[in-house]
Trainee: 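One structure follows; several queries about it will come next.
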Amino acid sequence: MIRILNAAEAIPLFTRKNNRLIEVREEVKAILDEVEKRGDAAIRDFAMKFDGFDRSSFIVSEEELVNAERSIDHALRSAIETAAQNIRSFAKLQMPSEFLTELAPGHFVGQIVRPLETVAAYVPGGRYPLPSTVLMTCIPALVAGVPNVWVTTPKPDQAVFAASKITGATNIALIGGAHAIAAFAFGTETIPKANRIVGPGNVYVTAAKQILAGNVGIDFVAGPTEVMILANEGNPTWIAADMLAQAEHDTDACAFLITTSKSLAEAVSEQIDSQLAVLPTADVARAAISSNSAIVLCETSDQAFDLANMAAPEHLCLAARSELPRVANAGSVFIGPYSPEAAGDYVSGPNHVLPTSGAARLSGGLSVLDFVKIITVQELSRDALEHVGRDGATLARAEGLEGHARSIEVRLNA
C-alpha cells in the first residue's frame, strides 16, 4: 500500500505544489468582490447556495450556546475543559512582556504590548465537527486580551457551540467558505471587520485568505496536512498508527517515515496494510497513503535530518530530545514514543494550527503572538539626545533627509 523509496526518489513528494489554489482563484475572487459590494445580501446568497442556509440571522444566539453546553455529555465537556486548560497555560507562557530599560544615562527604550481589537477564527464544517479548532484559535486570542473574538463556521454544531461557550468565545457567525473570509476582511452590516483571520479551511477558504492578505491579517496560507516521523527503531504498530492518523484527515494528506532501518520500514509497511483493513476512515486514509505518502530509506541519520529540514514538515516526530538541535524547520515537534501527533491535535497545549507545504521554513504555528501588537517605546533626556543626536543627524544627511537632521539639531542647538 505504501511505497518504500530512497532519498532521491522521495524529494518530489516533499516539494509538491498546491495547484488547486490557482485553479479556484478566479472563482474565489468573484465571491470576494460580491461580498465587498453587497455585504450581507451577498453572504446570504452564497450561504444558501453552498451551505443550505435557512435561518433569519447569521448570528448564533446566547440561548443556542447555553442549550449546546447543556446538551453535550460529561466526557466531552471534561475533554474540552482539559484541553482548554492546557492550551491556555501554554499561551500564557508565550505571552510577550512589557519592559522599559535604560540603555545609557537618560536613554530609555522598551515595548508595550496591546491586543488586536477584533479577530475571526474560521472553524471548518466538513465531514466532522471540529471543537478542537475553536479551542486552538480562540484561546490564544483571549489570553492576548482581544476584546472581540468571533467564530465563523458554516454549519450549526452542538460540540462547536459548546466549545465556544466554555472557552468564552461567544460571538459566532454561521457562515463559511470564501464568503466568510470576505465578510470579516471587509466588514458588513452584520459582521465586523477583523484585524486578523485565523484557522484552517478548504481550498476556497485558503485562496480567499491568500487574496485578501493585504486587506486583513492572516495566519498563513495552508495546504494539505502532513506528518514526518524520523525513527531508526521503535514500535511498528505505533508508527503505522501515527501515519494513518494523519492520513485520515483528507485524501491530500501525507505521512512519511524517514529511517535508516530496512527492517523497520518493512514492518511499518506491513502494519499500515493491516490497520487499514479495520480503520473506519480507511477510504480517505488509503488514498492519502497510496498517493502522497512514503517510507524513505536513508543511508545515514544526517541524510534523514537533511531531508526533514528541506521538507519543513507541519508535524515532525523525533525519537529523543537530544535530536532537537538538529531541527531547523518544522511546524511543531513531538518527542518520544508517548508523544503522538494526535495528542498535539487536542490536549497537550501547543497550537495545532501550523504551517504546511514547506511554510515552516518561514514561520512557526499560530500563537498568542499573532493576536498582539508589540509597540516600541523610547524616551531620551537632553543629555541622552546630545550623546546620540549628532550621529543621527549625520545618518539623516547621508540619506538626503535634511529635515530629519534639523529636527535633531534644533534641540541640540537650543
Trainee: I'd like to know if K209 and D219 make a salt bridge, using a cut-off of under 4.0 Å between side-chain N and carboxylate O.
Mentor: yes
Trainee: Return the minimal non-hydrogen interatomic distance between S357 and E226, and the atom names on each side.
Mentor: N-OE2, 3.3 Å
Trainee: Starting at CD1 of I408, measure out to NE2 of H404 and round the result to the nearest 0.5 Å.
Mentor: 8.5 Å
Trainee: Could you state the interatomic distance from OG (S348) to CD1 (I87), rounded to the nearest 0.5 Å?
Mentor: 8.5 Å
Trainee: Walk me through whether M243 and I239 qualify under side-chain contact (heavy atoms from CB on, under 4.5 Å).
Mentor: CA-CA 6 Å; M243 296 175 73; I239 294 172; 4.2 Å; yes
Trainee: What heavy-atom pair brings P192 and T118 nearest, and what distance separates the two atoms?
Mentor: CG-CG2, 4.3 Å
Trainee: Of all the heavy-atom pairs spanning A311 and M228, show the shortest one and how long it is.
Mentor: CB-CE, 3.7 Å
Trainee: Using side-chain heavy atoms (C-beta onward) and a distance below 4.5 Å, is R88 in contact with V143?
Mentor: yes
Trainee: Would you say that D345 contacts S132 through its side chain, given a criterion of any heavy-atom pair below 4.5 Å between the two side chains?
Mentor: no
Trainee: Would you check if L244 and L276 make a side-chain contact, meaning some heavy-atom pair closer than 4.5 Å?
Mentor: yes
Trainee: Going through the checks in order, is the salt bridge (Lys or Arg N to Asp or Glu O under 4.0 Å) test met by R77 and E69?
Mentor: CA-CA 8 Å; R77 182 186 181 91; E69 185 181 8; 2.8 Å; yes
Trainee: Verify whether one side chain among S269 and E266 offers a donor that lies under 3.5 Å from an acceptor in the other.
Mentor: no
Trainee: Which atom pair, heavy atoms only, marks the closest approach of G223 to T356?
Mentor: N-OG1, 2.5 Å
Trainee: State, yes or no, whether a side-chain contact exists between C254 and L13 at a heavy-atom distance under 4.5 Å.
Mentor: no
Trainee: Using the ring pair (Phe, Tyr, Trp, His ring centres under 6.0 Å) criterion, which residues pair with F53? Sequence neighbours excluded.
Mentor: F58
Trainee: Side-chain contact test, heavy atoms from C-beta onward, threshold under 4.5 Å: evaluate it for P124 versus T153 and give yes or no.
Mentor: no
Trainee: What's the shortest heavy-atom distance between V123 and P154, and which atoms?
Mentor: O-CD, 3.5 Å
Trainee: Return a table of donor-acceptor pairs under 3.5 angstrom between the side chains of residues 175-189 and protein atoms on other chains or two or more places apart.
Mentor:
residue: H179; atom: ND1; partner: G176; partner atom: O; Å: 3.0
residue: H179; atom: NE2; partner: G176; partner atom: O; Å: 2.8
residue: T188; atom: OG1; partner: D40; partner atom: OD1; Å: 2.6
residue: T188; atom: OG1; partner: T190; partner atom: N; Å: 3.2
residue: T188; atom: OG1; partner: I191; partner atom: N; Å: 3.0
residue: E189; atom: OE1; partner: D40; partner atom: N; Å: 2.9

Trainee: For E299 and T260, which I'm curious about, is there any donor-acceptor pair between the side chains at under 3.5 Å?
Mentor: no
Trainee: As an exercise, state the distance from CD of Q271 to CG of N235, rounded to the nearest 0.5 Å.
Mentor: 8.0 Å
Trainee: Between E64 and R55 (salt bridge meaning N to carboxylate O under 4.0 Å), is one present in this structure?
Mentor: yes
Trainee: Measuring from L130:CG to D157:CG, what's the distance to the nearest 0.5 Å?
Mentor: 8.5 Å
Trainee: Could you walk me through whether E341 and Q246 pass the side-chain contact (heavy atoms from CB on, under 4.5 Å) test, one step at a time?
Mentor: CA-CA 8 Å; E341 183 274 325; Q246 201 64 24; 2.6 Å; yes
Trainee: Could you pull out every donor-acceptor pair under 3.5 Å between side chains of residues 23-31 and any protein atom, sequence neighbours left out?
Mentor:
residue: E23; atom: OE1; partner: R20; partner atom: NH1; Å: 3.2
residue: R25; atom: NH1; partner: Q210; partner atom: OE1; Å: 3.4
residue: K29; atom: NZ; partner: D33; partner atom: OD1; Å: 3.0
residue: K29; atom: NZ; partner: D33; partner atom: OD2; Å: 3.2

Trainee: A side-chain contact here means heavy atoms from C-beta on lying under 4.5 Å apart; do I166 and L135 qualify?
Mentor: no
Trainee: Once ring pair (Phe, Tyr, Trp, His ring centres under 6.0 Å) is applied, what residue pairs with a partner in residues 228-272 remain, sequence neighbours excluded?
Mentor: F14-F256, W238-Y338
Trainee: For M1, look at atom CE and say whether over 12 heavy atoms of other residues, nucleotides or ligands are found less than 6.0 Å away.
Mentor: yes
Trainee: List the atom pairs, with distances to 0.1 Å, where a side-chain N or O of residues 92-107 and a protein N or O form a donor-acceptor pair under 3.5 Å, not counting sequence neighbours.
Mentor:
residue: E98; atom: OE2; partner: V113; partner atom: N; Å: 3.0
residue: E98; atom: OE2; partner: R114; partner atom: NH1; Å: 2.8
residue: E102; atom: OE2; partner: G106; partner atom: N; Å: 2.8

Trainee: List the steps and the verdict of side-chain contact (heavy atoms from CB on, under 4.5 Å) for V35 and I43.
Mentor: CA-CA 6 Å; V35 173; I43 295 174; 4.2 Å; yes
Trainee: Side chains of S263 and S261: do they bring a donor and an acceptor to under 3.5 Å?
Mentor: yes
Trainee: Determine whether P355 and R361 make a side-chain contact, defined as any pair of heavy atoms from C-beta on separated by less than 4.5 Å.
Mentor: no
Trainee: Going by an N to O cut-off under 4.0 Å, is there a salt bridge joining E62 and K165?
Mentor: yes
Trainee: Using every non-hydrogen atom in the two residues, find where A121 and T137 come nearest and quote the distance to one decimal.
Mentor: CB-OG1, 3.2 Å
Trainee: Is it true that E314 and S332 share a donor-acceptor pair across their side chains at a distance under 3.5 Å?
Mentor: no
Trainee: Can you list the steps and then say if V66 with E63 is a side-chain contact (heavy atoms from CB on, under 4.5 Å)?
Mentor: CA-CA 5 Å; V66 170; E63 181 182 5; 5.8 Å; no
Trainee: Distance alone, cut at 3.5 Å: any donor-acceptor contact between the side chains of S301 and R326?
Mentor: yes
Trainee: According to ring pair (Phe, Tyr, Trp, His ring centres under 6.0 Å), does anything in residues 201-227 pair up with another residue at least two apart or in another chain? List the pairs.
Mentor: none
Trainee: I want to check something: taking the side chain as every heavy atom from C-beta on, are Q378 and F108 in contact at a cut-off of under 4.5 Å?
Mentor: no
